[in-house]
Amino acid sequence: MNNPRLVGTTGKPIIIYKVGDEVTIEKLNEKEILQYALENNIIDLSYVQEKIEMAKRNTILKKYGSCIWYSEKEQTWYCHIPDETKKSGRKKVKRKKKEDIEEIVYQFYKGQEQEQKAENRKENIKFKDLFDEFIRYKSKEVTACTIKRMMADWHKFYVGTEFIEKPLTQITKIDVDNFLNNALDEYKLKPKAFYNMCGLLKQTLQYAIDAEYIDKNPYRTKINKKKFAEHGKKPAESEVYQSDEKNKIIQEMERRLKNNPKNTAPLAVILDFELGTRKGEILAISESDIEDGWIHIHRQVVEKFDISDIDNIKSTGFEVVNYTKSSDGDRWLPLSAKAIETINRVQDINRQYNECYEDFLFVRNGQIMSPDVVDAQLIRGCKYIGIKVKTMHKIRKTYGSMLLHNGVNISAVKDMLGHADESTTMKHYIYNTMTDKETKEAVLNALSGTPNSKVTKSDQNIISFQKSKRAKTLETSRLSAL
């Protein structure tokens with residue numbers, strides 16, 4: 001026996017299979033047998049479905065078949081079908097063949113049972129089942145990465161609560177109030193995390209309205225906002241690279257590159273201090289994006305996920321997509337002398353070690369470089385030089401802070417970062433990048449009326465915004481604000 005065989009017995013069914021000289025017998029329950037048979041093509045799925053349909057047909061005809069009769073005189077088959085439009089509340093249907101009249105009865109009452117089943121589901125569906133239906137619908141219109149984030153919030157804040165076991169039609173505004181306030185108490189959430197968590201509830205209940213499960217939406221956020229965790233702006237030393245740290249991390253990236261000359265990941269870190277892009281954006285830069293001292297940011301590297309099993313989402317690698325996080329992320333950035341030098345070094349290394357993938361700058365082993373590779377360089381680098389580990393996103397904040405503190409208009413800083421509005425830039429991206437000593441010197445100089453060179457000369461050495469043949473294409477970045 002080369003292949004397993006399904007064997008019927010008078011007792012419990014078993015599977016018998018042989019490997020070499022060994023014969024193994026395994027007992028299975030009915031569910032396991034059906035699953036095994038389907039997976040090993042022992043049972044034809046279409047045949048099983050046909051048998052199920054036939055059994056359903058026989059059940060319905062047995063239940064409603066009394067409405068069928070035969071006229072010997074007319075040699076015709078008749079049936080009565082309920083019809084509310086008729087005065088009698090039913091209509092007479094006739095067919096020459098019995099199987100045809102049975103088909104009419106079967107289809108009618110099958111439809112009625114399905115409608116009743118759907119109605120019962122609407123009446124009794126629990127919130128957790130509604131969410132399962134919603135998230136599968138949502139997975140068709142948003143990225144797999146978004147679904148992954150939504151499921152993470154679902155498992156963290158919703159699973160295990162009494163709220164999701166409640167029938168949808170019984171959920172009141174008070175139930176929503178209690179659920180949200182309990183979550184706020186238990187998790188000590190900051191406003192952003194709280195409203196992200198609320199988003200799942202809001203979208204799911206809106207889906208219930210759209211799918212006509214309910215007529216009125218019980219969603220609201222009636223909470224005690226004093227319960228929010230402290231959400232003041234974080235200290236600068238944890239959010240940006242201060243001037244001495246920036247210099248040290250750049251030196252460390254140079255050291256790491258010297259130890260492994262073919263790995264351009266350290267240069268991605270160095271370049272990001274000059275561009276302030278998102279991590280996925282810098283890894284998606286290609287040589288064709290560079291023109292006349294400008295670089296076009298309009299792609300990103302994103303992680304791919306297999307969401308076929310919503311409760312067990314798995315990463316399947318990375319890919320380049322032709323869009324940024326938002327429409328405002330499509331922008332042109334001016335290149336500093338340091339940025340141009342770094343890009344040239346990356347190109348030289350790629351040529352020297354024959355590394356290429358289309359015309360992307362950051363590649364490894366013939367593929368686009370993954371964000372994990374760059375993260376590893378930065379994390380190890382921070383630890384090696386003895387500073388707090390700061391991510392690529394902190395470099396982005398450092399870039400924005402440096403632009404503003406060196407005289408670039410806030411509207412232009414917003415455009416360089418690819419933000420939709422200035423409030424996001426000011427609230428989350430602008431910090432003091434000077435050391436305590438430099439800050440003290442700047443304050444004392446300001447009080448004495450002495451100019452401070454630290455805030456009048458840009459560390460970035462940004463190329464002036466001169467007109468170029470690409471000027472007409474720069475409208476999306478609104479550089480006129482500079």
Side-chain angles (χ1 to χ4, degrees), residues 122-135 137-138 142 145-240 310-311 313 325-326 388 391 393-394 397 400 410 414 419-432:
K122 284 187 178 183
E123 280 295 318
N124 301 306
I125 187 172
K126 294 180 179 180
F127 184 83
K128 65 179 181 180
D129 299 317
L130 174 69
F131 177 79
D132 183 68
E133 185 177 312
F134 157 73
I135 201 70
Y137 165 81
K138 194 71 176 176
V142 298
C145 188
T146 298
I147 295 297
K148 183 177 182 293
R149 287 197 299 269
M150 294 173 77
M151 289 304 298
D153 279 350
W154 170 255
H155 286 289
K156 181 176 181 179
F157 300 114
Y158 291 78
V159 172
T161 64
E162 293 181 3
F163 180 81
I164 68 171
E165 299 293 339
K166 200 171 183 67
L168 174 64
T169 54
Q170 296 179 24
I171 293 176
T172 66
K173 290 184 177 181
I174 299 300
D175 292 323
V176 172
D177 294 344
N178 290 335
F179 171 70
L180 295 180
N181 277 291
N182 288 342
L184 203 51
D185 288 337
E186 181 176 354
Y187 295 99
K188 312 300 180 187
L189 298 171
K190 294 181 180 179
K192 183 177 180 180
F194 173 77
Y195 288 113
N196 283 343
M197 182 272 286
C198 288
L200 280 189
L201 179 59
K202 184 178 182 180
Q203 291 184 64
T204 304
L205 290 175
Q206 183 56 53
Y207 172 81
I209 292 285
D210 296 341
E212 299 182 356
Y213 280 109
I214 53 177
D215 298 321
K216 294 182 179 180
N217 193 338
Y219 177 79
R220 67 181 182 184
T221 53
K222 190 176 182 181
I223 56 165
N224 182 357
K225 294 185 179 180
K226 292 181 180 179
K227 292 182 178 180
F228 281 139
E230 291 292 328
H231 59 282
K233 200 166 185 177
K234 294 179 181 179
E237 55 266 25
S238 69
E239 294 302 297
V240 293
I310 292 291
D311 291 311
I313 298 175
K325 185 177 180 181
S326 67
K388 181 179 179 179
T391 62
H393 196 62
K394 310 296 185 181
K397 292 182 179 183
I410 182 58
K414 167 194 64 108
H419 290 158
D421 58 77
E422 295 169 9
S423 62
T424 298
T425 307
M426 287 300 298
K427 186 175 181 180
H428 301 292
Y429 286 78
I430 303 303
Y431 292 86
N432 180 15

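Under the rule for a salt bridge (charged side-chain N to carboxylate O under 4.0 Å, His left out), D311 has no partner lying at least two apart in sequence or in another chain.
Each of L201, I174, L205 was checked for a side chain to side chain contact (heavy atoms under 4.5 Å, CB included) with P218, and the lone residue meeting it is L205.
Rounding to the nearest 0.5 Å gives a distance of 9.5 Å between CD of E237 and CG of N432. The structure places CG of D175 at 10.5 Å from CD of E162, a figure rounded to the nearest 0.5 Å. Expressed to the nearest 0.5 Å, how far NZ of K394 lies from CD of E239 amounts to 3.5 Å.
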query: Are F179 and I164 close enough, and set up right, to give a side chain to side chain contact (heavy atoms under 4.5 Å, CB included), and what steps lead you there?
result: CA-CA 10 Å; F179 171 70; I164 68 171; 5.7 Å; no

Run Q206 and N217 through side chain to side chain contact (heavy atoms under 4.5 Å, CB included) and show every step you take. CA-CA 7 Å; Q206 183 56 53; N217 193 338; 4.0 Å; yes

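Between Y158 and W154, the ring planes lie parallel to each other; the angle is under 30°, not in the 30° to 60° tilted range.
Looking only at atom types and distance, the side chain of H419 has a donor-acceptor partner in the side chain of T425 under 3.5 Å away.
The environment of NZ in K122 is crowded: more than 12 heavy-atom neighbours from other residues, nucleotides or ligands sit within 6.0 Å.
No donor-acceptor distance shorter than 3.5 angstrom exists from the side chain of K166 to the backbone of T172, with no hydrogens or angles considered. With hydrogens and angles disregarded, a donor-acceptor distance shorter than 3.5 Å links the side chain of Y187 to the backbone of K156.
The shortest distance between side-chain heavy atoms of K414 and T424 does not fall below 4.5 Å.
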